[in-house]
S.K.: 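After the structure tokens below, expect a handful of questions from me.
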Amino acid sequence: MDRFVFLTLDGLSRGAVYAAFALALVLIWRAARIVNFAQGAMAVATAYVAHSVAAATGSYWWGFLAALVAGLLLGALVDVAVMRLVDSTSPLNPVIVALGLVLLIQAVLGMVYGNEYRPAEAPFSRAALTLGGVGVLSPYDLFVLAAVGAVVVALAWMFARTGTGLRMRAAAFAPAVARLLGVDVGGMLTLGWALASGVGALAGLLVIPTELGLHPHAMDLVFVSAFTAAVVGGLDSPPGAVVGGLAVGLVLSYVSGYAGSDLAPLAVLVLLLAVLLIRPGGLFAQVTARRV
Amino acid sequence: MSTGELLGVRGLVAGYGAVPVLHTVDLSVPPRTIAAVVGANGAGKTTLLRAVSGLLPPTAGRIVLDGTDLRGTRVEQLVRRGVAHVPEGRGVVGELTVDENLRLGGLWRRDRADAARALDEVYQLFAPLARRRRHLGHQLSGGERQMLALGRALVGRPRLLLLDEPSLGLAPRVVAQIMALLRQLRDDTGLTVLLVEQNVRSALSVADQGVVMALGRIVASGPAAGLRDDDHLRHAYLGF
Amino acid sequence: MKGPTLARHLGAGAVAVALLVPVSFALEPFRAFQLATVAAYLCATAGLTVLTGLNGQLSLGHGALMAVGAYTVALSQTAFADAGVTGGWVLPVSFGAAVGATVAVGALVGVAAARLRGPYLAGVTLAVAVVVPALTVTFDGVLGGEQGLSVPVDPPPAGLGASFPYERWQLWIAGAATLPVLLLLGNLVRSRYGRTFRAVRDDEVAARLAGIDVARTQVLAFVVSAAGAGVGGGLLAVLAQSVSPGAFSLTLSLSLVMAVVVGGLGRLAGAGWGAVLLVALPDLTHSVTGLVSFPPALAQRMAGNLPLAVFGVTLVVVVVAAPGGIQGLLSRSGRALRSRPDPSTTHHP
Ligand SMILES: Nc1ncnc2c1ncn2[C@@H]1O[C@H](COP(=O)(O)OP(=O)(O)OP(=O)(O)O)[C@@H](O)[C@H]1O
Ligand SMILES: [Mg+2]
């Protein structure tokens with residue numbers, strides 16, 4: 001029972017990261033109908049920025065901040081310099097271009113930093129606190145949950161309550177009408193890419209210390225897990241992404257805890273296939289038919 | 001010049017792809033005028049409005065608003081120049097609520113206080129919208145959508161309103177209300193309207209000026225009352 | 001139409017053999033090894049071109065399917081070696097097993113893929129590309145974990161002489177495995193099946209109305225394509241004489257996509273260009289960077305990564321600027337030269 005409690009809490013902390021990363025995928029999907037397959041590589045790039053800045057300044061937090069800013073800028077850059085130029089009448093094209101970015105970013109990181117794992121430090125202890133003799137969350141887990149929670153609340157507030165959020169939604173749902181009403185649709189798209197990439201950067205920063213460390217491929221499996229989370233929630237639904245992320249985190253935590261962590265990758269694949277084949281619209285979809 | 005004309009269209013050629021739909025269209029609309037554009041299906045009425053609002057860049061010719069050439073003005077800038085376009089099919093954003101759709105119409109404005117006032121006025125003007133503030137756009141009836149689209153344009157307090165078939169699918173009584181509203185806005189706020197209509201009789205009865213289009217050309221224009229009573233025109237182009 | 005095509009392809013195959021043997025004697029061993037590697041990639045890129053270019057299904061998981069083929073060959077060869085079995089039929093049996101295994105996995109993924117479209121299909125195949133190599137660690141008892149497995153291959157027959165270079169023998173093996181794959185795929189493309197593949201790609205609804213079983217066609221395309229990847233993977237195992245997860249990472253899968261897109265998705269010939277690129281670009285960047293004297297640590301990091309950066313940039317630039325790829329450019333300039341329509345180039349997507 002104690003173990004179950006521990007695994008559940010651990011799964012929620014892990015799931016929070018997947019939720020943030022899935023949210024980033026959903027943001028771009030809603031705005032541009034593109035699944036950003038380069039998001040994992042982009043997040044790793046910003047994590048290396050954090051690594052370098054932290055090493056130069058001696059402060060984790062300067063690195064953290066620099067990575068978030070780098071994430072925003074990188075997202076905007078990818079939109080303006082690459083994605084805008086792609087003829088997306090064939091839905092394969094944006095996907096293929098994103099894959100080209102994955103190759104490029106990972107190779108550049110390998111050239112600059114090398115292809116070895118670098119230890120990534122966490123700003124708080126990762127040792128679990130005990131509560132009544134039961135191991136629960138670590139201070140770092142609490143930090144992860146708080147950071148992701150803050151971002152989710154901030155995004156929800158922005159989209160629901162601010163003029164910019166309203167413009168972004170209008171630009172995504174009805175670009176032509178939005179333009180007639182004075183919305184700079186292209187600018188909103190770039191802003192969406194920047195925000196998504198910033199959220200992805202945060203997720204990368206939070207998850208990498210809990211895995212093997214910093215490596216150009218550090219986010220490959222995280223990307224697959226987060227994609228699964230986004231599909232579980234339905235690619236169109238931000239709340240779905242959050243719930244999907246937590247669900248995937250729990251499943252992976254239970255599988256790792258009860259069956260061995262080696263099985264986690266297989267569990268992700270099985271989960272993804274199961275969701276897509278049984279309920280292709282995501283668990284929260286009203287309509288099940290989905291063709292893209 | 002600026003006193004005699006709010007909107008001028010000179011030698012406009014526009015189309016989709018290589019084939020032009022509009023062939024050298026000329027048009028002049030004075031301020032405080034309701035100009036009705038009528039003509040058969042496919043005559044090019046919607047295309048004319050799309051060219052005026054910049055959704056469809058013209059291949060030749062000029063569009064002049066209050067004395068300035070609109071060439072190079074981006075669509076999203078036009079609303080800041082006082083032009084509101086209610087497109088064919090209304091353009092209500094189905095995923096947004098009524099309130100969000102309406103607020104979108106005034107988001108570009110610097111004067112937040114007046115935008116809020118304009119929003120209130122629209123709610124007073126269209127009581128059904130006030131009752132459905134939190135409903136999503138796609139939950140509205142056709143008439144409610146038309147009110148929403150028109151209301152959203154009015155929140156921006158436009159000088160020139162481009163209206164594409166507002167009467168489509170509406171009960172005659174609602175159409176009459178909308179037409180009356182347009183006249184009232186013209187008198188009270190000096191609004192100018194370029195009104196595209198299938199419903200020729202009601203359009204020409206509300207309008208000051210009439211424009212008849214056929215096959216991408218303007219074949220007749222003048223005071224609306226004159227066009228309404230021109231038997232030859234009625235038989236040849238308007239079918240009533 | 002079918003008979004003459006088959007005859008033409010068999011003729012082309014005979015010509016290829018007649019060319020390859022003298023070429024293999026002319027090449028120095030390292031170049032022979034490179035050509036053999038091109039052949040290995042060609043099996044996979046040809047399969048991927050059939051799937052993506054002709055059937056419209058994007059697979060990011062072909063590196064993983066190559067891994068399945070490679071590991072099957074490794075396991076099979078090890079089993080034969082452990083049992084002391086030798087003979088000319090051993091390697092073909094291992095390749096048969098590799099094809100069987102990849103066809104099974106391909107059918108599994110294909111059944112799922114047939115129900116998915118666009119980014120969902122891409123996501124699932126990406127998951128396959130990431131997860132399958134990781135399974136070698138999950139089942140490290142059999143699959144050898146990060147270290148991988150070694151692949152025992154018999155030396156060239158004594159009859160070829162003691163000084164017969166091993167690389168030349170590898171090239172022969174690669175040629176013997178690749179030619180049948182190309183023959184079969186080439187015939188398939190021009191057969192009734194090829195036409196249904198393209199019909200499904202161009203318009204699923206129309207294909208369904210024309211009586212084509214869309215799902216079955218898509219699964220078939222996936223299976224055929226997987227078999228090609230399986231043979232290619234098996235060849236990579238034989239060439240490297242070892243297999244490890246690092247050799248079949250996500251990067252390989254993405255490089256294969258790069259190869260077929262840059263080569264040109266519309267035609268099988270594009271797969272050839274792609275396979276050449278996969279071997280030639282790293283070679284080229286290596287010689288270019290060799291001209292500059294980098295510090296050794298940097299030079300080592302560049303060696304593995306610069307070609308991948310070039311792959312990435314090439315892929316982005318080609319999709320943005322020349323969606324037809326190399327073969328598209330060639331066909332276009334060829335057509336411009338002859339200034340008459342070429343019926344064989346009308347299938348570009
Ligand atoms: N998006 C488009 N692409 C190509 N041709 C178009 C497009 N929209 C309209 N057309 C063509 O342009 C011509 C004029 O169309 P337009 O929509 O301007 O007519 P309309 O006068 O508004 O007709 P209606 O009364 O039916 O709305 C028609 O022949 C139509 O086929
Ligand atoms: Mg129209």
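Here is how names work: the chains are called A, B, and so on, in the same order as the sequence lines, proteins then strands, and each is numbered from 1. The figures that follow rest on heavy atoms only: side chains count, while hydrogens, waters and symmetry mates do not. What you see is a predicted model, and the numbers here were worked out from it, not measured in a lab.
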S.K.: Please look at Phe223(A) and chain C and tell me whether the side chain, the backbone, both or neither of the residue comes under 4.5 angstrom of a heavy atom of that chain.
M.R.: side chain
S.K.: Of the backbone (N, CA, C, O) and the side chain (C-beta and beyond), which part of Val124(C) lies under 4.5 Å from a heavy atom of chain A, both, or neither?
M.R.: both
S.K.: Could you have a look at Gly100(A), Ser261(A), Gly260(A) and say which one has the most heavy-atom pairs with chain C under 4.5 angstrom?
M.R.: Gly100(A)
S.K.: Heavy-atom pairs under 4.5 Å with chain C are the metric here; pick the option from Val95(A), Val108(A), Asn115(A), Val86(A) that has the most.
M.R.: Asn115(A)
S.K.: Calculate, to the nearest 0.5 Å, the distance between atoms CG and CG belonging to Leu109(A) and Asn305(C) respectively.
M.R.: 9.0 Å
S.K.: Please flag which part of Asp87(A) lies under 4.5 Å from any non-hydrogen atom of chain C: side chain, backbone, both or neither.
M.R.: neither
S.K.: Count the heavy-atom pairs under 4.5 Å between each of Val257(C), Val318(C), Leu60(C), Val137(C) and chain A, then report the option with the highest count.
M.R.: Leu60(C)
S.K.: Side chain to side chain contact (heavy atoms under 4.5 Å, CB included) with Leu266(A): which of Leu135(C), Val132(C), Thr138(C)?
M.R.: Leu135(C)
S.K.: Sort Val310(C) into side chain, backbone, both or neither according to what part of it lies under 4.5 angstrom from a heavy atom of chain A.
M.R.: neither
S.K.: How close do Val316(C) and Leu101(A) get, counting heavy atoms only, and between which atoms?
M.R.: CG2-N, 4.1 Å
S.K.: So do the side chains of Val231(A) and Tyr120(C) get within less than 4.5 Å of each other, counting heavy atoms only?
M.R.: yes
S.K.: Measure distances from Leu308(C) to the heavy atoms of chain A and classify the residue's part below 4.5 Å as side chain, backbone, both or neither.
M.R.: both
S.K.: From Leu126(C) CG over to Phe227(A) CZ, what is the distance, rounded to the nearest 0.5 angstrom?
M.R.: 8.0 Å
S.K.: Out of Ser255(C), Gly123(C), Ala112(C), return the one with the most heavy atom pairs under 4.5 angstrom to chain A.
M.R.: Gly123(C)
S.K.: Which region of Leu254(C), side chain (C-beta onward) or backbone (N, CA, C, O), has a non-hydrogen atom less than 4.5 Å from a non-hydrogen atom of chain A, or is it both or neither?
M.R.: both
S.K.: Using the rule given for side chain to side chain contact (heavy atoms under 4.5 Å, CB included), can you reason through Val111(C) versus Leu277(A), listing the C-alpha separation, both sets of side-chain angles and the distance that settles it, and then say yes or no?
M.R.: CA-CA 10 Å; Val111(C) 167; Leu277(A) 295 182; 6.0 Å; no
S.K.: To the nearest 0.5 Å, what is the distance between CG on Leu250(C) and CG on Asp220(A)?
M.R.: 5.0 Å
S.K.: Picking from Pro94(A), Gly114(A), Ala107(A), which has the most non-hydrogen pairs under 4.5 angstrom with chain C?
M.R.: Ala107(A)
S.K.: Atom CD in Gln300(C), atom CE in Met111(A): separation rounded to 0.5 Å?
M.R.: 13.5 Å
S.K.: Who among Leu85(A), Ile96(A), Leu92(A), Val35(A) has the most heavy-atom pairs with chain C under 4.5 Å?
M.R.: Ile96(A)
S.K.: Any side-chain heavy atom of Leu99(A) sitting closer than 4.5 Å to one from Met258(C)?
M.R.: no
S.K.: Chain C heavy atoms under 4.5 Å from Leu273(A): which part of the residue, side chain, backbone, both or neither?
M.R.: side chain
S.K.: Within the 4.5 Å heavy-atom criterion, are Arg115(C) and Leu276(A) side-chain neighbours or not?
M.R.: no
S.K.: Is Leu121(C) close to chain A through its backbone or its side chain, or both, or neither, when contacts mean heavy atoms under 4.5 Å?
M.R.: neither
S.K.: Chain A heavy atoms under 4.5 Å from Ala134(C): which part of the residue, side chain, backbone, both or neither?
M.R.: side chain
S.K.: Check Val224(A) against Ala127(C) and note the closest heavy-atom contact, atom names and distance.
M.R.: CG1-CB, 3.5 Å
